[in-house]
Amino acid sequence: MLFNSLIIHLDCRMSQSRCKIRQMEKNKSFSNQEIAKILEKVAAAYEILDKDRFRIAAYERASVSIQHATSEVKDIWDDDKLDDIPGIGKSIASYLDELFRTGKVRHFEELFKKIPPSVFIFLDIPGVGPKTAYTLAEKLNIREEKNAIARLKTAAQKGKIEEIENFGEKSELDILNGISVLEKGELKTKRMLLFYADALADEIIDYLKKSNEVIRADPLGSLRRKVATVGDIDISVCTNNPQKAIEYFLNYKKIKEVISRGEESLVRVVLFSGQQVDLRFSTPEKYGSMLQYFTGSKQHNILLREFALKKDLSLSEYGIKTVKNLKTCPELVEGLKIKNFKDEENFYNFLGLEWIPPELREGTEEIKTSLNGKLPKLIELKEIKGDLHLHSNFNLEPSHDLGQSSVGEMLIQAGSLNYEYLGFSEHNPSVSNHSEREIYDLIMRKKEFIEQEYYSTKNKDYERGIKLPKQVLNSLEIDIKPNGNLAVDEKCLNILDYAIASVHSSFNQKREKMTDRVLKGLSHPKIKILGHPTGRLLLEREGYELDWDKIFDFCLKNNKFLEINSWPNRLDLPDTKVKEAVKYGVKLVINSDSHHVNQMAYLQYGVSVARRGWAEKKDIINSLSFEGLSDILL
DNA sequence: GCCGTTTTCGGCCCGACTGTTTTCAGTCG
Ligand SMILES: Nc1nc2c(ncn2[C@H]2C[C@H](O)[C@@H](COP(=O)(O)OP(=O)(O)OP(=O)(O)O)O2)c(=O)[nH]1
Ligand SMILES: [Mg+2]
Ligand SMILES: [Mg+2]
Ligand SMILES: [Zn+2]
């Protein structure tokens, strides 16, 4: 039920904003995704040419690193800080410099001349890597990009592929299947919202737990790290009888196709709904190392394994062993070939590290920080004392969407969440349809309505036993107009306890203009919070550009707070920006932006974003008691 | 090609599975 209400809501939001996408794509020379793609192509080309595997890995790492970069690489280049990006050194930095200055990299162009363009198209087919792609292009003489996939498909249908050396009937079929997956857009690269993936994983885990063979089953990979979007569903299964557990899982009715199946370790399937599911099986005595491995991230694992190697230890999902029979670790040399770990904490401790929360395992500086015993004590959901961004169904006649639940319903829900305070911040009345006087009246009526509702809800007999929040705040989410003006006037602002300002239009303004607009919008003393600060919609559109140094600086000096909006397709401020804000000392507020009581619990996703941004209790203002909060908010 | 509170040279994670192979390369996680 939770699920449906959100999906319906997402749908209606998406249709509203779809027309904006095209406008947003313009005016950038090279996006991070485009640069990442180029580096990926370089890695593939080197692989085909049998170059040094470490150089290939370096390009792959650089590519991933840019995909995850906190800012536009172009801006980082402008600031002369390319070297700060992990995995980017002197050499790649100079190539990127050339790219931004001239629009191309001669060295790469030369390299690509050696590879038929069709190869890079074939790489999109699952199961087809650089070597296979190159062989196909050469042997079938399909070199052009144009119609490459269609021509490959025809060749396969004619049985031309199995004639190639080292190919056969099965690999030909695999390629045809791969093409069909590609055509249907069911690729792993097509990611899903964390919220959606959670629900999917829960269903599978419920099914698994019904088996007597299954002791535990856990969502891992990006799901456990709480990444905003998730590529596939990774689940580990703890069992004493892997064979039986595998058999049991294969009876799950939503499986469309088994891609890979091992004896007792792994099953990989595709569901009818198109998502890939990876299961790893492990026994209780070594389940800890499986949790560690399968949680990732890949880069975290690599760095952790390199860290261990310096101590002559080798890590895997099976445990820890010595590289040589060295005396560095007596425990391992004495008869034991590999040391088992029931839980993860001991696995990290054995390496001399504090246990690292999954949200931090992105291969940045978490290992070093853990080694120094300096890991942050991350904010937790139970520390959240209130929600400051809710849309009730009180009709303020806005031009954006109305909430679906009443003030009373939301108050009761807030009580059951143990909140101390709640802030109602509906969209402002539409400017085009109302006079200033009408806008004022509407806002005034809402203020009175909230107060009445609060007391009447409190007094209702059937609500006895439910503890309502102690404080209800009257707020608004106010549009920042393209010129930076607010959509309500001074008089209205003065009725409010505090207000949120958000950008809901003209997303394609240039960085400087947008920054000025936002700062102007924030400048009124009643405006305390910048709502969904980047305006991104996950899987749909990038956010607008802002000069973050200016924004952070302004917030710090003027007592303004950046929202972490928990709405599942926003998660905005994004985790990487949260990390920067925290470092800067800017305080944040985690809000649900609920339009329905069922959505109030989604605030947990905002908490996950905060945690991924290394935020502690002190960084989050709605972890304060009301007294503390009122000092800075009211 | 990247990287460095014991290194600016000499290291670089480790394993499952598949198909086509008589012993393993390629792809993926
Ligand atoms: N050691 C090691 N572990 C890996 C590697 N690739 C993947 N893993 C581990 C860590 C990953 O988090 C986990 C699951 O792999 P996935 O490809 O599903 O990645 P992840 O779930 O992190 O991201 P995703 O949202 O699926 O794209 O497996 C690798 O190359 N080496
Ligand atoms: Mg995954
Ligand atoms: Mg996976
Ligand atoms: Zn909004």
Side-chain angles (χ1 to χ4, degrees), chain A residues 39 42-44 46-48 50-65 82-96 107 122-123 125-136 161-162 164-175 177-178 187-189 220-222 231-236 242 246 258-268 276-282 289-290 292-321 323 338 363 367-368 371-372:
Chain A
L39 297 176
V42 174
Y46 279 148
E47 201 158 348
I48 290 164
D50 277 323
K51 294 285 180 201
D52 177 51
R53 68 190 170 100
F54 298 110
R55 202 201 303 186
I56 296 166
Y59 273 99
E60 278 168 356
R61 184 187 175 191
S63 171
V64 172
S65 190
L82 283 180
D83 272 352
D84 291 357
I85 304 174
I88 308 272
K90 284 231 155 56
S91 175
I92 294 182
S94 80
Y95 291 141
L96 293 186
H107 175 250
F122 292 160
L123 284 178
I125 304 168
V128 174
K131 301 277 192 178
T132 309
Y134 185 69
T135 309
L136 289 172
I161 291 179
E162 65 173 303
I164 305 171
E165 200 185 353
N166 287 328
F167 285 77
E169 226 176 309
K170 187 63 172 62
S171 44
E172 189 168 74
L173 212 66
D174 285 347
I175 287 167
N177 280 336
L187 293 170
K188 226 200 104 176
T189 47
L220 301 181
S222 47
D232 66 348
I233 306 288
D234 301 301
I235 295 172
S236 69
I246 287 177
V258 179
I259 296 183
S260 184
R261 180 209 166 140
E263 278 292 301
E264 53 179 21
S265 179
L266 179 151
V267 177
R268 174 163 305 139
Q276 182 174 311
V277 179
D278 286 353
L279 260 60
R280 289 296 308 260
F281 297 80
S282 180
S289 47
M290 179 59 83
Q292 195 290 316
Y293 152 74
F294 211 23
T295 297
S297 64
K298 172 178 172 174
Q299 195 55 31
H300 174 79
N301 285 355
I302 289 175
L303 293 177
L304 191 69
R305 288 168 183 208
E306 283 177 351
F307 171 78
L309 268 183
K310 288 190 222 150
K311 305 174 184 246
D312 292 315
L313 297 174
S314 171
L315 315 183
S316 75
E317 60 265 50
Y318 301 107
I320 300 181
K321 62 186 180 187
V323 177
I338 186 157
I367 293 172
K368 198 169 66 190
L371 185 64
N372 297 333

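Both backbone and side-chain heavy atoms feed into the values below; hydrogens, waters and symmetry mates do not. Because the structure is a prediction, the values reported are computed rather than measured. Below, chain A is the first sequence line, B the second, and so on; all start at residue 1.
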Any base atoms under 4.0 Å from Leu315(A), or only sugar-phosphate, or nothing? Heavy atoms, all strands. sugar-phosphate

Determine the contact category for Arg261(A): base if any of its heavy atoms lies under 4.0 Å from a base atom, sugar-phosphate if only primed atoms, P, OP1 or OP2 are that close, otherwise nothing. sugar-phosphate

Would you say Lys321(A) reaches dG15(B)'s phosphate, i.e. side-chain N/O to OP1/OP2 under 4.0 Å? yes

For the backbone of Lys131(A) and the side chain of Thr135(A), can you confirm whether one donor and one acceptor N or O come within less than 3.5 Å of each other? yes

Rounded to the nearest Å, what distance is computed from the CD1 atom of residue Ile320(A) to the C1' atom of nucleotide dG15(B)? 16 Å

Categorize Asn301(A) for me: base, sugar-phosphate, or nothing, with a 4.0 angstrom heavy-atom threshold over every strand shown. nothing

If we take the C1' atom in both dG26(B) and dT20(B), what is their distance in whole Å? 11 Å

Given the P atoms of dT7(B) and dG11(B), what is the spacing between them in whole Å? 15 Å

Starting at atom CD1 of Ile259(A), determine the distance to atom C1' of dG29(B), rounded to an integer number of angstrom. 12 Å

P atom, dT22(B) versus dG29(B): distance in rounded Å? 27 Å

Separation of Ile164(A) atom CD1 from dA25(B) atom P, in whole Å? 20 Å

I want to verify the glycosidic state of dT5(B); is it syn or anti under the 90° rule? anti

Judged by atom type as modelled, is there a donor-acceptor pair below 3.5 Å linking the side chain of Asn301(A) to the main-chain atoms of Tyr293(A)? yes

The side chain of Lys298(A) lies closest to which of these nucleotides: dT20(B), dC13(B), dT18(B)? dC13(B)

Looking at dG1(B), I'd like to know if its phosphate oxygens (OP1 or OP2) sit under 4.0 Å from a side-chain N or O belonging to Arg55(A). yes

Taken to the nearest whole Å, OH/Tyr293(A) to P/dC13(B) is 15 Å

Relative to the 5' end of DNA chain B, which residue comes earlier, Asp83(A) or Ser314(A), by the nucleotide with the nearest heavy atom? Asp83(A)

From Lys321(A) NZ over to Leu313(A) CG, what is the distance, rounded to the nearest 0.5 angstrom? 11.5 Å

Just by distance, do the side chain of Ser63(A) and the backbone of Leu39(A) share a donor-acceptor pair under 3.5 Å? no

With a 3.5 Å limit on both atom pairs, tell me what dT8(B) is paired to, counting Watson-Crick and G-U wobble, or say none. none

Would you say Ser316(A) places a side-chain N or O within less than 4.0 Å of OP1 or OP2 belonging to dC13(B)? no

Thr132(A) vs dT27(B): side-chain N/O to OP1/OP2 distance below 4.0 Å: yes

Interatomic distance where CD belongs to Glu263(A) and C1' belongs to dG15(B) [whole Å]: 16 Å

Testing dC2(B), dT27(B), dC13(B) for proximity to the side chain of Glu306(A), the answer is dC13(B)

How is Glu169(A) classified with respect to the nucleic acid when contacts are heavy atoms under 4.0 Å: base, sugar-phosphate, or nothing? sugar-phosphate

dA16(B), dC14(B), dT21(B): which one has an atom nearest the side-chain heavy atoms of Leu309(A)? dC14(B)

Distance in angstrom units between Lys310(A) NZ and dG10(B) C1', rounded: 13 Å

Would you compute the distance between atom CG of Leu266(A) and atom CZ of Phe294(A) and round it to the nearest 0.5 angstrom? 7.0 Å

Using atom P of each nucleotide, how far apart are dC12(B) and dT21(B) to the nearest Å? 34 Å

What's Ile88(A) touching, base or sugar-phosphate or nothing? Going by heavy atoms closer than 4.0 Å. sugar-phosphate

I want to verify a distance call: between dG1(B), dG26(B), dG15(B), whose nearest atom is closest to the Lys131(A) side chain? dG26(B)

Toward the 5' end of DNA chain B, by each residue's nearest nucleotide, Gly168(A) or Glu264(A): Glu264(A)

For Ile302(A), report the nucleic acid contact type (base, sugar-phosphate, nothing); a contact means any heavy atom under 4.0 Å. base

Send over the distance from Phe294(A) CZ to dC28(B) P, rounded to a whole Å. 16 Å

Considering only atom C1', compute the distance from dG10(B) to dT6(B) and round it to an integer number of Å. 16 Å

Does OP1 or OP2 of dG29(B) have a side-chain N or O of Gln276(A) closer than 4.0 Å? yes

Considering only heavy atoms from C-beta outward, does the side chain of Gln292(A) approach that of His300(A) to under 4.5 Å? yes

Whole-Å P distance, dG15(B) and dC9(B): 32 Å

Tell me whether the side-chain N/O atoms of Ser171(A) come closer than 4.0 Å to OP1 or OP2 in dT20(B). yes

Do Leu303(A) and Gln299(A) touch side chain to side chain, with heavy atoms closer than 4.5 Å? yes

Is any side-chain heavy atom of Ile164(A) closer than 4.5 Å to one of Glu172(A)? no

If the C1' atom of dC17(B) is compared with that of dT23(B), how far apart are they to the nearest Å? 16 Å

Give a yes/no on whether any side-chain N or O of Tyr318(A) is located under 4.0 angstrom from OP1 or OP2 of dA16(B). yes

Nucleotide nearest Tyr95(A) (side chain, heavy atoms from C-beta), chosen from dG1(B), dT18(B), dG29(B): dG1(B)

Please tell me which of the listed nucleotides, dC13(B), dT18(B), dC3(B), lies nearest to the side chain of Ser260(A)? dT18(B)

Grab the CZ-C1' distance between Phe307(A) and dT7(B) for me, whole Å please. 16 Å

